[in-house]
Amino acid sequence: LLFLNQLQKDLEEVKELLTKATRKRLCDVLMIEKHKLELEIKNQPPPKPKDAAEEEKLSLGGYTVKINNYGWDQSDKFIKIYISLNGVQKLPAENVQVNFTERSFDLLVKNLNGKNYTMTFNNLLKPISVEGSSRKIKTDMVLVMCRKKREEKWECLTQVEKESKEKEKAAYDTSDPSEGLMNLLKKMYAEGDDEMKRTINKAWVESREKQSKGDIPMDI
């Protein structure tokens with residue numbers, strides 16, 4: 001592209017000289033040079049079209065933030081996802097884009113306070129209607145409306161959440177209540193902060209001491 005610009009500048013200068021030249025020999029030389037430059041410019045390869053994804057990335061500018069916080073609700077016909085974004089109502093409507101498929105959607109908010117925001121939901125629990133789904137821009141919030149294909153209650157948003165809940169339920173759903181309690185304590189300990197771990201450790205020690213004295217029969 002830089003080389004092509006140089007050739008065009010050379011051609012412009014030759015044309016300028018031709019308007020000022022009066023000697024036939026000089027005019028002939030300049031005409032030959034003009035034709036050479038025109039032919040060289042004509043034979044230059046066209047600039048390569050940029051990849052669409054790269055074009056989109058360049059148009060975004062700034063940097064992209066992945067949205068992790070949201071709220072959701074449902075009615076008979078819609079799954080509603082609420083995403084808080086300060087000042088989003090001030091953007092042009094085309095800066096807030098949502099693409100839907102039957103089992104997913106992705107949100108892109110462009111150039112909000114110098115940043116871009118994205119959120120993707122894959123493997124929705126049940127199919128949605130692409131045509132019936134939409135998004136609404138409210139004060140400091142984007143509302144994504146997923147139209148249910150069937151009017152039924154969803155227990156969660158994604159298939160992954162459902163499988164995770166089923167695994168947890170299986171772990172605690174035992175015929176022995178004390179075993180279920182132990183599983184729950186282990187999960188709380190694994191996921192808890194330092195304060196939670198200290199509390200559980202203290203309760204464990206105290207229960208051991210009481211059991212050794214014969215105060216309680218069950219090991220918790």
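Predicted model, so just to flag it, every value in this text is computed and none were measured. Every heavy atom of this structure was used, including side-chain atoms; hydrogens, water molecules and symmetry mates were not.
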So how far is it from [X] [atom1] to [Y] [atom2], rounded to the nearest 0.5 Å?
{"X": "Lys110", "Y": "Thr64", "atom1": "NZ", "atom2": "OG1", "answer": "11.0 Å"}
{"X": "Lys90", "Y": "Thr139", "atom1": "NZ", "atom2": "OG1", "answer": "10.0 Å"}
{"X": "Ser133", "Y": "Asn99", "atom1": "OG", "atom2": "CG", "answer": "11.5 Å"}
{"X": "Tyr117", "Y": "Lys115", "atom1": "OH", "atom2": "NZ", "answer": "4.5 Å"}
{"X": "Ile128", "Y": "Phe121", "atom1": "CD1", "atom2": "CZ", "answer": "11.5 Å"}
{"X": "Trp72", "Y": "Trp154", "atom1": "CH2", "atom2": "CH2", "answer": "8.0 Å"}

Are [X] and [Y] close enough that some pair of their side-chain heavy atoms sits under 4.5 Å apart?
{"X": "Glu155", "Y": "Leu125", "result": "yes"}
{"X": "Asn111", "Y": "Asn95", "result": "yes"}
{"X": "Leu112", "Y": "Leu85", "result": "yes"}
{"X": "Met31", "Y": "Leu18", "result": "yes"}
{"X": "Val142", "Y": "Lys136", "result": "no"}

TODO: Dump the intermediate steps for side chain to side chain contact (heavy atoms under 4.5 Å, CB included) on Glu33 and Leu37, then the final yes or no.
DONE: CA-CA 6 Å; Glu33 186 63 23; Leu37 286 167; 4.0 Å; yes

Open item on the list: Within a 6.0 Å radius of atom CD on Glu13, are there more than 12 heavy atoms belonging to other residues, nucleotides or ligands?
Closed with: no

TODO: Show your reasoning for whether side chain to side chain contact (heavy atoms under 4.5 Å, CB included) applies to Ile81 and Cys146.
DONE: CA-CA 8 Å; Ile81 295 96; Cys146 298; 4.1 Å; yes

- [ ] Over 60° means perpendicular and under 30° means parallel, so classify the ring planes of Phe105 and Phe100, tilted if in between.
- [x] tilted

Linking I/L/V/M/F/W/Y whenever any side-chain heavy atoms sit under 4.5 Å apart, do [X] and [Y] land together?
{"X": "Leu143", "Y": "Leu124", "result": "no"}
{"X": "Tyr82", "Y": "Val109", "result": "no"}
{"X": "Ile79", "Y": "Val160", "result": "no"}
{"X": "Val130", "Y": "Leu157", "result": "yes"}
{"X": "Val96", "Y": "Tyr63", "result": "yes"}

- [ ] Take Lys15 and Lys34 through the side chain to side chain contact (heavy atoms under 4.5 Å, CB included) test and state the conclusion after the steps.
- [x] CA-CA 7 Å; Lys15 286 178 179 178; Lys34 175 175 173 285; 3.9 Å; yes

TODO: Dump the intermediate steps for salt bridge (Lys or Arg N to Asp or Glu O under 4.0 Å) on Glu40 and Lys36, then the final yes or no.
DONE: CA-CA 6 Å; Glu40 200 168 350; Lys36 277 169 61 179; over 6 Å; no

Open item on the list: Exactly one of Asp140, Leu107, Asn69, Val88 should register a side-chain contact (heavy atoms from CB on, under 4.5 Å) with Ile83. Which one does?
Closed with: Leu107

Task: Candidates Glu102, Arg147, Lys77, Arg150 - the one meeting side-chain contact (heavy atoms from CB on, under 4.5 Å) with Ser129 - done: Arg147

Donor-acceptor contact present, side-chain [X] to main-chain [Y], <3.5 Å:
{"X": "Lys148", "Y": "Ser75", "value": "yes"}
{"X": "Arg135", "Y": "Val144", "value": "no"}
{"X": "Asp106", "Y": "Met119", "value": "no"}
{"X": "Gln89", "Y": "Met141", "value": "no"}
{"X": "Asp73", "Y": "Lys80", "value": "no"}

Task: Salt bridge present between Asp28 and Lys24 (N-O < 4.0 angstrom) - done: yes

TODO: Using salt bridge (charged side-chain N to carboxylate O under 4.0 Å, His left out) as the criterion, list what pairs up with Glu12, not counting sequence neighbours.
DONE: none

- [ ] Considering non-hydrogen atoms only, spot the tightest contact between Glu161 and Cys156 and give its length.
- [x] OE1-CB, 3.7 Å

